[in-house]
Amino acid sequence: MATSAGHVWRPSAARVLMVDGFVPGPRGVPATAPATPAWPAKDPADVLDYQFDISPALSGNDGDGVATLDVGVVPATPGGLSLASAAADGARAVLWLQGGVAGVTYTVTLTIGTQAGRTLSRSVLLPVVALSGSGVVSTALVTDGGDTLTDGQGNVLISG
């Protein structure tokens with residue numbers, strides 16, 4: 001008789017970002033917004049876990065952690081990137097993201113509420129690239145930073 005094997009689920013360390021902007025700076029120096037962070041690219045067929053660690057924002061507040069998550073994805077289009085599920089792992093928000101259109105860079109906005117009542121809101125970029133098959137758009141327009149340019153509806157802009 002077969003016995004079910006138990007599973008210990010651990011999020012992948014390959015897709016972890018840490019909240020930025022909580023390092024003290026010298027007095028009198030104006031704060032500047034850090035660049036929007038980005039997770040590694042995913043294929044439209046991938047369903048992967050992505051983590052956002054807020055522990056720097058909770059420094060000195062042992063016991064505080066993620067209590068609530070509100071996740072938005074832009075552009076929101078049919079067949080676009082979507083949230084399959086979300087969970088909290090201490091000071092980390094863990095998102096399972098699926099789908100997406102090749103050539104589109106999505107903005108995932110997380111609003112995280114903590115057990116102590118803090119609220120943090122951050123956006124993270126997630127490029128979707130055809131990593132399997134031959135669906136790569138070779139004439140897509142890209143920025144100097146390598147991001148694919150899209151119109152307001154998330155359609156890839158191509159040259160020629």
Side-chain angles (χ1 to χ4, degrees), residues 3-132 143 145-150 152-154:
T3 303
S4 295
H7 178 73
V8 177
W9 179 79
R10 289 191 179 96
S12 171
R15 293 171 297 279
V16 179
L17 289 177
M18 192 165 287
V19 68
D20 198 7
F22 285 91
V23 177
R27 290 182 174 221
V29 176
T32 59
T36 304
W39 280 306
K42 74 176 283 305
D43 185 87
D46 293 345
V47 180
L48 297 171
D49 54 315
Y50 294 85
Q51 298 178 64
F52 194 75
D53 187 343
I54 64 166
S55 57
L58 306 179
S59 180
N61 296 283
D62 297 340
D64 199 3
V66 175
T68 62
L69 292 169
D70 184 16
V71 180
V73 178
V74 174
T77 58
L81 185 71
S82 64
L83 179 67
S85 66
D89 182 16
R92 290 183 177 189
V94 182
L95 311 178
W96 285 84
L97 299 172
Q98 64 187 4
V101 176
V104 176
T105 298
Y106 293 87
T107 302
V108 179
T109 301
L110 298 94
T111 302
I112 300 170
T114 72
Q115 296 161 345
R118 295 174 176 83
T119 303
L120 292 111
S121 186
R122 297 291 188 277
S123 293
V124 180
L125 301 176
L126 179 56
V128 176
V129 179
L131 300 171
S132 62
T143 65
D147 293 324
T148 304
L149 294 175
T150 60
Q153 284 74 46

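The first residue in the sequence is number 1, and the count goes up from there. Values below: all heavy atoms of this structure, side chains included; hydrogens, waters and symmetry mates excluded.
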Walk me through whether Val16 and Arg92 qualify under side chain to side chain contact (heavy atoms under 4.5 Å, CB included). CA-CA 9 Å; Val16 179; Arg92 290 183 177 189; 3.8 Å; yes
OG1/Thr77 to OH/Tyr106 distance, rounded to the nearest 0.5 angstrom? 4.5 Å
To the nearest 0.5 Å, what is the distance between CD (Gln115) and OG1 (Thr68)? 10.0 Å
Residues Pro40 and Ala14: closest non-hydrogen pair is CG-O, 3.9 Å
Ring geometry between Phe52 and Trp39 (parallel below 30°, tilted from 30 to 60°, perpendicular above 60°): perpendicular
From Thr105 atom OG1 to Leu126 atom CG, the distance as rounded to the nearest 0.5 Å: 8.0 Å
Given Arg122, which of Val19, Leu110, Ile112 fulfils the side chain to side chain contact (heavy atoms under 4.5 Å, CB included) condition? Val19
One pair to check against side chain to side chain contact (heavy atoms under 4.5 Å, CB included): Gln98 and Leu81. What are the steps and the verdict? CA-CA 6 Å; Gln98 64 187 4; Leu81 185 71; over 6 Å; no
Test log, rule side-chain hydrogen bond (donor to acceptor under 3.5 Å, both in side chains), inputs Ser123 and Thr107: CA-CA 6 Å; Ser123 293; Thr107 302; over 6 Å; no
Apply side chain to side chain contact (heavy atoms under 4.5 Å, CB included) to the pair Thr111 and Leu69, showing each step before the final yes or no. CA-CA 6 Å; Thr111 302; Leu69 292 169; over 6 Å; no
Evaluate the side-chain proximity of Val71 to Thr109: yes if any heavy-atom separation is below 4.5 Å, no if none is. no
Considering non-hydrogen atoms only, spot the tightest contact between Gly79 and Val101 and give its length. O-CG2, 3.9 Å
Atom CD1 in Ile54, atom OG in Ser59: separation rounded to 0.5 Å? 12.0 Å
Taking all non-hydrogen atoms of both residues into account, name the closest pair between Leu131 and Ala41 and its distance. CD1-O, 4.2 Å
Can you name the nearest heavy-atom pair linking Leu95 to Ala86, along with the distance? CD2-CB, 3.9 Å
Where is the tightest heavy-atom contact between Met18 and Ser55, given as atom of each residue plus distance? CE-OG, 4.1 Å
Check: Thr114/Asp64 side-chain N/O donor and acceptor closer than 3.5 Å: yes
So, Asp53 side chain and Leu17 main chain: donor-acceptor pair closer than 3.5 Å or not? no
Specify the closest pair of heavy atoms between Ala130 and Pro44, including all atoms of both residues, with the distance to one decimal. CA-CD, 4.2 Å
Check whether any side-chain heavy atom of Asp49 lies under 4.5 Å from a side-chain heavy atom of Arg15, and answer yes or no. yes
Kindly indicate whether the side chain of Arg118, heavy atoms from C-beta on, has any atom under 4.5 Å from the side chain of Asn61. yes
Take Leu97 and Leu48 through the test side chain to side chain contact (heavy atoms under 4.5 Å, CB included) and record every step on the way to the result. CA-CA 6 Å; Leu97 299 172; Leu48 297 171; over 6 Å; no
Side chains of Leu125 and Pro37: does their closest heavy-atom pair fall under 4.5 Å? no
